[in-house]
Amino acid sequence: MRRNVGVARAVRARKERDAYQGKGAELNRANLEHFQTQMAAFKRELENFAVKHKKQINKDPEFRNKFQNMCSKVGVDPLASNKGFWAEVLGVGSFFYELGVQIIHVCLATRDANGGIIQFEDLLQYLRRIRQRAGRETQQISEEDVQRAIASLEPLGNGLRTVKVGPRQMLVSVPMELSPDHTTVLEAAQTHAGVLSIPVVQRDLGWSQERAARVLDALQAQGMTWVDKQTKDGVPAYEFPSIQLNLM
Amino acid sequence: MEKAPTEAEFHAKFKAFYTLQDNEATRLKQVRLWRRLVLEDFARQQQQQQRSQGADAAGPSVLSLDSFPLFTNAKLDRALDAAGRKAVADDLVASGHGQWHDAGKTLYVFVKTPSEWASIIYDFVQQNGLGGTIYTVYELHSGDLTRNTPIQGIEPALCIQALEILENQNKAEVYPSDESLDETGVKFI
């Protein structure tokens, strides 16, 4: 006699499947609920933490950076928004907004003189001076803060771009596209204290005379470098105000 | 922490500042920075002169293209090239801050342009109700009338230029004198 065949078997199999599915859904629901309570608890803890360490978050760039990373893992961006709970708790919502405005201010104020390219070190130094004047000197700022503020300005269009020049970051505030050749020459300019010439670029980078001249001319057309024609050896020197001068 | 203004940075540290730039946009910035340097320098000179010698000593400020000290920087071993000097002078004239004296060689420099002076003088006249009476240029630059005002010590030639601007605006009548600039008369309306 063969059992488990025919209609009865089919019916039982479906029942089992339904039961499993039901159980599975139940488990899923339980998991989700569990996870949701955990997230809520975590968020609550994060908030408590934020309130407790408000001062340090505002003051200490490294601490702020770690806190920010922790928050972004759970999808909260407390420092970037200036509305809602976080801003009320921390009073820091406008932090990056304010910093962003100050960065734009520095770029505009120095653009005439440096052709729209600025070293991060200088940018930080100018920002600190501005903030000191605004009575914000107790709020230290770091390179990460500046990076984040620049990123938060992105919705306004890509007017500001960071470019890696050798080991250093530079901020470009003009529409010019910097090719790898351009950044290579900018890097060379930094190792030569802001003064280059066509022969120096040829020697340092192993380039042809035409290539060196073309790149230096492009940077000159952009106002990023000026030409000194009074050198002893008669070879024009290309000088970079963004590297040589303190402009703010 | 006070820092030197941009033009002083370029002047003190940047050799290329002494070569007139080929790039047009850069050249415009360069000439503008030079204009500021020149005007600041003359303003300083005038203040010193007035402090040490009194208002009467104020003569016209003359810039010589060959020998203006700021055009040379011994520390950097650079001197503004001839094209640069000419561009700076032309810019001063175009902006109302200069007037050729010996064309191509020397020019008068006005820290304030004649039209800036015109409005300063006219404001002073308005505030003190001096309309309707005739004054001489001497009274304006050295008289009790303008003591402790910025008008005290103004160069006579510059003062007359300012008054002529006011005359064109129907705010004054100027009565030229054959004797001297100082005796030029003016009636404010």
Side-chain angles (χ1 to χ4, degrees), chain A residues 106-118 122 124-134 137 174-176 189 192-197 213 216-248, chain B residues 1-41 65-89 91-92 94-95:
Chain A
V106 170
C107 287
L108 288 179
T110 59
R111 183 147 78 187
D112 255 13
N114 60 24
I117 187 158
I118 190 166
D122 292 340
L124 268 170
Q125 191 197 335
Y126 301 154
L127 285 171
R128 286 187 183 128
R129 211 173 290 147
I130 289 178
R131 296 172 71 81
Q132 200 170 14
R133 257 182 254 137
E137 66 268 43
V174 285
M176 180 197 194
H192 288 277
V195 188
L196 287 178
S197 66
L216 283 170
D217 284 348
L219 294 173
Q220 189 203 347
Q222 196 60 46
M224 289 183 185
T225 181
W226 296 37
V227 182
D228 172 20
K229 293 181 186 167
Q230 298 176 41
T231 52
K232 286 272 169 307
D233 53 11
V235 179
Y238 291 77
E239 302 207 305
F240 293 76
S242 61
I243 297 170
Q244 288 189 42
L245 301 177
N246 184 356
L247 293 170
M248 250 190 100
Chain B
M1 179 163 84
E2 252 331 290
K3 76 154 283 291
T6 303
E7 59 271 23
E9 276 283 301
F10 274 94
H11 188 266
K13 299 183 192 162
F14 205 63
K15 289 178 179 164
F17 192 52
Y18 296 84
T19 297
L20 187 65
Q21 296 298 299
D22 294 329
N23 177 326
E24 194 184 340
T26 308
R27 186 169 64 240
L28 281 174
K29 290 168 204 161
Q30 183 185 21
V31 169
R32 203 169 57 214
L33 291 171
W34 272 109
R35 185 207 295 176
R36 269 196 254 158
L37 277 170
V38 170
L39 295 179
E40 280 159 19
D41 187 65
L65 263 56
D66 286 337
S67 62
F68 183 56
L70 284 185
F71 283 161
T72 311
N73 185 331
K75 211 176 112 227
L76 294 182
D77 193 20
R78 290 291 180 276
L80 184 60
D81 54 25
R85 292 177 196 222
K86 170 112 178 16
V88 171
D91 168 74
L92 286 167
S95 62

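Protein chains get the first letters and strands the later ones, always in sequence-line order, with residue 1 at the start of each.
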Heavy-atom closest pair, residues [X] and [Y]:
{"X": "B:Thr19", "Y": "A:Val227", "answer": "CB-O, 3.5 Å"}
{"X": "B:Thr6", "Y": "A:Leu247", "answer": "OG1-O, 3.8 Å"}
{"X": "B:Asn23", "Y": "A:Gln222", "answer": "ND2-N, 4.1 Å"}

Expected output: side-chain [X] to main-chain [Y] donor-acceptor under 3.5 Å:
{"X": "B:Gln21", "Y": "A:Trp226", "value": "no"}
{"X": "B:Glu9", "Y": "A:Leu245", "value": "no"}
{"X": "B:Lys29", "Y": "A:Asp112", "value": "yes"}
{"X": "A:Gln244", "Y": "B:Phe14", "value": "no"}

If one checks every heavy atom of B:Glu24 against chain A at 4.5 Å, the contacting part turns out to be neither
Honestly, the part of A:Thr231 sitting under 4.5 Å from a heavy atom of chain B is both
**Q.** Interchain contact, A:Pro236 with chain B, by part (heavy-atom threshold 4.5 Å)
**A.**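 It is neither, since no heavy atom gets under 4.5 Å.
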In terms of heavy-atom pairs under 4.5 Å with chain A, the winner among B:Asp81, B:Thr26, B:Leu28, B:Asp22 is B:Thr26
Exercise. Measure the shortest side-chain to side-chain distance between B:Lys15 and A:Val195 over non-hydrogen atoms and say whether it is less than 4.5 angstrom.
Key: no
